[in-house]
Each structure stands twice: as structure tokens, then as C-alpha cells.
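Lettering follows sequence order; numbering is per chain, from 1.
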Amino acid sequence: MTEPSTTNPTALAVEMRRVTKQFPGVLANDCINLQVAYGEIHAIIGENGAGKSTLMSVLSGLLKADEGEVLLKGHPVRGRPHLVSRRGLGMVYQHFMLVPNFTVAENVILGNEPGDRVHLDLRAAEEAVRRLGQDYGLNLDPAARIEDLSVGEQQRVEILKVLYRGSDVIVLDEPTQVLTLQEKNELFETLRCLVRDGRTIIFITHHLEEVMALSDRVTVLRRGRVVASLAIQDTDIATLAQLMVGREIGPGEKRTGDVTGDVVLEVSDLTAVSERGLQALDGVSFGVRGGEILGLAGVEGNGQRELVETLTGLRIPSGGEIRIGDQSTHGWSPRQFLEAGVAVIPENRRVRGVVEPFTIAENLVLGRHWKRPFSKGWVLDLGAMEAEAKSLISDFGIVPPDPEILVRTLSGGNQQRVVVARELAKKPVVLIAAHPTRGLDIAGRQFAHSCLLRERSLGAAILLVSSDLEEILDLGDRIAVIFEGRITGILPREEASEGKLGLLMVGARR
Amino acid sequence: MKDLSIRRIVRELGQALLPLALALAVGAVIILAIGENPLTVFGLMLRGSFGSLRRLSGTLQEASPMIFTGVSVALAFRAGLFNIGAEGQLLIGGFAAAWAGFALTGLPGPLHVVFCVVAAAAAGLVWGLIPGILKARLGVHEVINTIMLNYVALSLTNFLVGHPYFKEPGQIPQTRDIAASSVLPRFEFLYAHAKVNAGLWVALAVMVAVGYLLARTRYGFEIKAVGYNPEASEAAGISKSRVIWTTMGLSGAIAGLAGAEQVLGVFRCFVSPFPFGYGFVGIAVALLARNNPLAVLPAALIFGALTSGAQEVDVHSGTPREITVVLQGIFVLFIACEFVLRRKRRVGETEGGPKAGGKGREEEGRGEDG
């Protein structure tokens, strides 16, 4: 274990002076000044693409700033990430860096293994992990394998890792994105405990209520610049939201009109089996009318993913039926679902949504590329693809507005816009939106919501799968709840409340 | 569709030539250790591969099959498939060409050649389809199957060559000579005893066709989509398994054509043992060409020149000709290094790079089975 390096009492924990970082076509960080005092929880907020991650990469030494200076505990940061980490900076990434079939202890010590040159002292490692866990309320079995842990527990392993290395300035990148409410509260408790112990926390998020609940100071980034740095008692949620997006936020768009359409998507007694051979869907039945949004609420991992996959032909149901219009979909390929007018905004856009090494134009026609005007016979019409891309780029505000840019280089929000643009351009009869706003900022979220509402008014039958109750309550005409592969209840929106849904989500039958 | 600016081409070329330069540098050290002058040896190699029409024809002759196998491997690569089996596909294709060449008589000349070429492609196709279908239907890894099918092809052709139906009477293990009507004309205008033949035109035509296929056709688009992201392609209604087996088949057919070029143009029968290694060199060629079909030509020429320059080195210097094999090996090593480095760089980019400040690792990577 390395001791935290000596602190220079006059200095700040982290100080950034006029940090500027330019990427081709984007000024990611523009003359940023940031001051983080010892022992504070400092939140950094901003929309997607505001420059938060770039700034943290500069701090960790992963990227070199074009201009400006970064001081960590009074020492200039230059060079390589492992040197910076030796100075006491610990990063907890959103995407965990764990070896799934190693144990907790093995993961924690990875890179700093105790023992002599030849032997690995695993017992000492487990002891150290246990002690650290007790000190900070991070209770974990050091001998448990990572793959058997929940997401929240895996995050605790990440935190243990930086503590084990003696980090006293800890950066967490969107740590709450993947946590349940309970886990989130535990995380906050741990962070407070760490601060009491003299450590400094930098916390990246775009959930404003978390900022208010947890942090001492907050720095707001917008388009690569610092627009404000405030003590938490001097601000409130509304102010922060406005600073973040740079404009007034109106109340969310509301739905209009009653649902009168016919049932377009009808699912009866659907069953499906997961990869692990477990019953993922256990007799799911519901119908969605044209012009209706059916919200599907539930804690993640209760069969939502399998449901979406069977509804798009990616997974073959083991029983039951899916009807689209008056057609039975028995034995359909994904292509046939697509041709029947089913569009899907997938849960994990980088896996199912986009082909990252393809250009924006190529991604926007993917799934329609075999049709006119994009294909004439066997040959692609690149001109038609480009024309379509240009029009979708301007309709959906994709940035940068260049059809030839690779999707890999886009920010998450813009990748999502590409997916949404493509799926809506199919003029779907049935639209399946799985967590359409996950990882999006406020503007992106409003944009996605207004897209869904527009499709609703155009008469599409929409299934909105989300673990975000607020989103479901805002948009759904009716709300179904899924628990352990079964629908535990379907409520009209007027009857639905967070309380009722919450009960259904943990399996209380209606 | 992508930017084809001069700058980009120069940069790519520079990146491709860097491994060659490094290989030559290491080679120079080895030659020095032997006690020879590296510059002399390299000069001899250059002269031996491009110094006269005779030598040029030798280089082109070496490069011809490499173009086929290079394109074959590159095409499969674009669909995310490692076709290590070009060697076997070449053997089977060559044998089919030889069979069609001697067994069918009475066909008018051009038709006979075309038939033999098609026979080679068809045989290669079958040899490619086997691992392709196994992969598409059962998920069996194509690397294992293509490697093993190389041995099957080798044993099968060796066995068949000895069969009385195929065998040329006499001591030499080879098939009967193909009919004159099935011979691919050699480039005698270049050099009286040139062995480089019209197969080169076929190679170039196939190369351009595959380039067009990938850049401009619907099928090529699907190949690339599946190669880059099979999950998203599936979700977009592309049949992943169809792309896999058809691409493997096509890749095999192209490798089979290399066998036709050798049999119909160079040997005019199927000899046993058949010249070994063009299928494997094809992997290096594709790697150097970065799986861009049009870049396969210069890549194959470089490897062809390295091979054909050997004799000159042997005759006119004290360095053994094997130095060129050593150079090729080192060259491939450096290409592979460069390939790995480029991948690493790309990973680095997505992590902190031009994401426009977007979250580098956004989205929990909750993979396939959450």
C-alpha cells in the first residue's frame, strides 16, 4: 500500500489554471479555472459534450492540455496517468475496470500486489480489503468473484481500489448512473465518510438533486467553459439547471388528446428464456393502441431486455404470441419485424444502436439501406444517402452537422440523436423505446421526449421501457409494471402514482 | 465516400512503408553480421526484382497469386472473419482447374479457360463455405476450421494426384497436363520465358470488383456493418449468418482463383507438392493493405519483389538467398506491431479523445446478458 504523498498545506487539492484543450473541430475545454479545496465534495455538472470528461482526463494525465496548468496538491501534473495516480489521484470510471473472474481482493490489489517478488500474499490482500471495507462502510466479501456482484457492489470494489492505492483525491465519473436508490444512498454515505476522513471528492453528474444533496461546491461547465462555481448554500436546483443549459427550462411537453386507435401491438402469454436458461419472460400479455404510449416500468433486469428483443425478432420466444396489426409474427426474422413497421431505440446504443466506425450517413440509413432510394438493385446510391443524412441531421440537430463524420467521434447524446433520427425516419407503426434518455442531459432528454410525443400524435403505438419513473409518469398513457418476467399490473396514468408503481415493481400483485 | 485527399494517401503510404524501413534496418544488421554490405545486398534485391523485364516478370509472377489471396483475406476480414484457409482454398481451386483442364476436351479455347477458372472458383467456394456455414449455423470458430481444412486440402490433393485417373504416367507426382485450350496465355511480350500470365488480369479485375463491392454495393455495406458491429447489424435487419457464410464462400472462391492462376498459367498441371505459402502470405498482404482491396496491389508487389529478388542475392553476393525470407518475416512482424499500435491508439482516442468532451466511457457496458 502506498501512503498518500505529503500535502502542501497552503495549496488546494486540485487547481486548474486556464486549461484549454482543443480537438479537431471542437474546443473541448476553453480556459478553464477550477479550484477544489481539501476535504470538500466538489460537483462538476454540465450537459453531454460540455467538457467534463475531457477536463477529468486532463487532470488524470490521460490527456495533455494544450495550454494552462494543472496542480494536484500544489504539484504540477504532467505526464503519465500512473504518475498522477501515485500523487494520490484516484479515478472511479463509470465503466468499471474490473476483471470479472477475479475476486474482490484480487481486483483491489491488481497493480499493487502484496508479497515478495515471487509470491503473492493473497491472505494479506484479503485482510487489507476487509479492513478498508470496515473503515468506510464498504462491506464486501473479499473472496467473492466480481461476476457474482451487483453493479452497486462492483462500484464499491472500484472505490476500494483507489483507497487501497492511498488516493486522497477521488474523482467519480457519473457514479449514480447505474445505481438503485438504495445503493445511491449507501454511496453518498461512503463519500461523506471519506470526506470526514480528510479526503477530497470530485463528483461528475448531471443529476442536480444529487448535487444539492451531497456536494459542498459546484462548478458548472457549458460548451467547454466554466459558467459558474458556487457554494451549494448559495444556489438551488433551478439556478443550476438554467446555468447548465443556458436557457429557461419550460415544463415538459405534455401529451394531448385521447387514445382512440386500434390495438396495433398485441402480446399474449409471451414466454422467453434468457441466455443462462432462466425463465426471463413468464406469460407477458399487453396491448398497445395506435397513438398510445404504454410505459413499462420496473427495476432493471426483470425481463425488459428480453421483452424488447423478442418484440424485434432478436430473440425467439419460447411460447405465446406477438401480433402486429392483424399479422402473427410467429417465426419472423428481425428483418420481417422491421418491414412490418417496428422500430426500436435500443437500450445500449453502442452495442445495438450504432456502428461506431461507420459515418453518420451510413448509420442513418442502416436498416433501410436495401430500399429505394438508398439502393438501386445491388448498388448503393451514395448521393441519396447523403441527401437523407443532411436532412435528418438538420431535423434532429445532430452535431457536428457533417454526414461524413464517424459516429465513433460523436458524444453520447449525439449518438443517441443518430439512433432516434434513424428509427423515426422509418415512420414506425410500432416504436419500442428502451431507456431512450439514459445518459442524456436535460436538453437531450427533452428532445427525446418530444420526439416520442410527436410519434404518438402521428399514430404510432409506442412501448416505452424505462427504469425512470418520472419519465414513465410524464409520457405514458398507461403504465405497466414488470417484475420477474411477469406484468404485475397495468394502470391508467390517472391512477398511477409513484407509490403504487413502487409496490408493483417489487412484486406486489394488484 | 471517405476523404481521399492526397495528404491522407501520403500518410497511409508512409505508415505502410515504415514497417518496411524497419525490417530493412534489422535486415541490414543481419547482413552486416554475415560480413556483407547491406546496401549491396539491397541493391541486388532491387535489381533482382525490377532490374529488367525478365526480373519484373518474375516479380509480377510472384505477386499474382498474392493479389488473389490478399484480396480473399482482406474481404473476409472486413466481415470480421479470419480466413486462415486461403492456402487450402488455393490448393483445392488449383486442383479443380487442373482437372477441368485435362478432362474436358473439345471446348473452344476461350470457353475452356473460362470454364477452368470457374471450376477453381467453385472449388474454392466450397472450401470456404464449409467453415463459413459451420460458423454461421453453429458458431464454430472459423480460424480453427480454416486451419484444419488447409491440412485436409493438402492431403486430399496429394492423394488425388497419385490416383491413376489424375496422374501423369511416370515418376513425377503431378496430374496430366492441361489441354492447350485451357492455358492462360503468358506475358511473352514482356520476356520470352515469362511465366506471369493472364491470371494477373483476372487478379486485378477481382481486386477492383471487390473494391467496388465493399465501397458501393448493398452487400458490401452489410459486410462492413457486420464486421464492425454484428449486434447493431442484426438489430438493423441484416442477417448476420447470411453475411458470414456468403463472405467466407466468396473469400474462398477468390483464393481458389489463385490456384487457377498457378495451374493454368504457370505449371500447366497440378504438381505435388504444390508451391506452398501464397495463402499465408495473403494474410500479411491483407494486413499491410489494411484490408483495403485496392491497396492489395502495392502490398502484393512488395512481397512479390522480396521473393523474386532472392535469386539475384544468391548469385551475386555471399549472402544466402534465405535473407529475403528473413526480411519477409521481420517485415510481417513490424506490420503486426504497427497494427497493434494503431488499435491501441484508436482505443485511446475513444477513451479521452475527440469525444467533444462527451463522456468517454459513457453507458454502463452492461453487455449481452445483463
Side-chain angles (χ1 to χ4, degrees), chain A residues 23-24 26 28-29 48-54 57 62-63 93-95 151 173-174 177-178 224 274-276 300-301 305 312 314 333-335 338 344 346 348-359 362 366-367 369-370 375 378-380 382 404 408-414 438-439, chain B residues 1-5 8 78 80 209 212-243 290-291 343 345-370:
Chain A
F23 291 119
V26 189
N29 286 164
N48 291 329
K52 298 170 301 213
S53 291
T54 304
S57 296
L62 213 60
L63 289 176
Y93 293 101
Q94 190 180 5
H95 192 133
V151 178
D173 191 1
E174 310 243 1
Q177 202 74 31
V178 293
S274 75
E275 283 84 2
R276 295 180 194 161
E300 257 179 83
R305 198 168 56 82
T312 49
L314 292 168
S333 67
R335 171 91 167 248
L338 219 140
V344 59
N348 192 337
R349 64 180 153 267
R350 289 172 83 180
V351 175
R352 288 280 191 199
V354 293
V355 177
E356 289 197 283
F358 267 6
T359 63
E362 287 170 323
L366 189 69
H369 60 274
W370 57 74
S375 278
W378 271 78
V379 180
L380 291 176
L382 302 185
E404 297 302 306
R408 182 197 290 133
T409 63
L410 299 187
S411 69
N414 277 300
R438 168 174 293 165
Chain B
M1 198 154 148
K2 308 275 158 51
D3 52 324
L4 274 170
S5 63
R8 188 185 132 109
R78 294 306 287 267
Y212 183 81
L213 178 85
L214 285 172
R216 291 295 158 88
T217 68
R218 207 173 83 191
Y219 177 54
F221 184 81
E222 298 192 352
I223 289 178
K224 289 186 288 182
V226 168
Y228 286 139
N229 187 343
E231 282 82 16
S233 307
E234 253 187 326
I238 297 170
S239 166
K240 185 173 82 181
S241 65
R242 206 193 58 180
V243 166
R290 307 194 162 175
N291 305 318
R343 286 208 150 175
R345 248 198 327 268
R346 187 172 297 160
V347 171
E349 259 171 34
T350 28
E351 273 171 14
K355 272 261 166 184
K359 294 165 291 155
R361 302 169 196 284
E362 65 120 56
E363 293 245 304
E364 80 277 47
R366 185 168 296 189
E368 272 296 78
D369 45 23

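- Interface remark: A:L366 contributes backbone and side-chain atoms alike to the contact with chain B (heavy atom separation under 4.5 Å).
- By the 30° and 60° cut-offs, the orientation of the rings of B:F221 relative to A:H369 is tilted.
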Checklist line | Chi angles and distances behind the side-chain contact (heavy atoms from CB on, under 4.5 Å) call for B:Y219, B:L214 | finding: CA-CA 7 Å; B:Y219 177 54; B:L214 285 172; over 6 Å; no

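- Judged by the 6.0 Å and 45° rule, B:R216 forms no cation-pi pair with A:W378.
- Using a 4.5 Å cut-off between heavy atoms, A:S375 contacts chain B through its side chain alone, with no backbone atom that close.
- Listed here is the closest heavy atom pair of B:I238 and B:E222: CG2-OE1, 3.8 Å.
- Annotation: maximal heavy-atom pairing with chain B below 4.5 Å, among A:L338, A:N414, A:T312, A:V344, occurs at A:L338.
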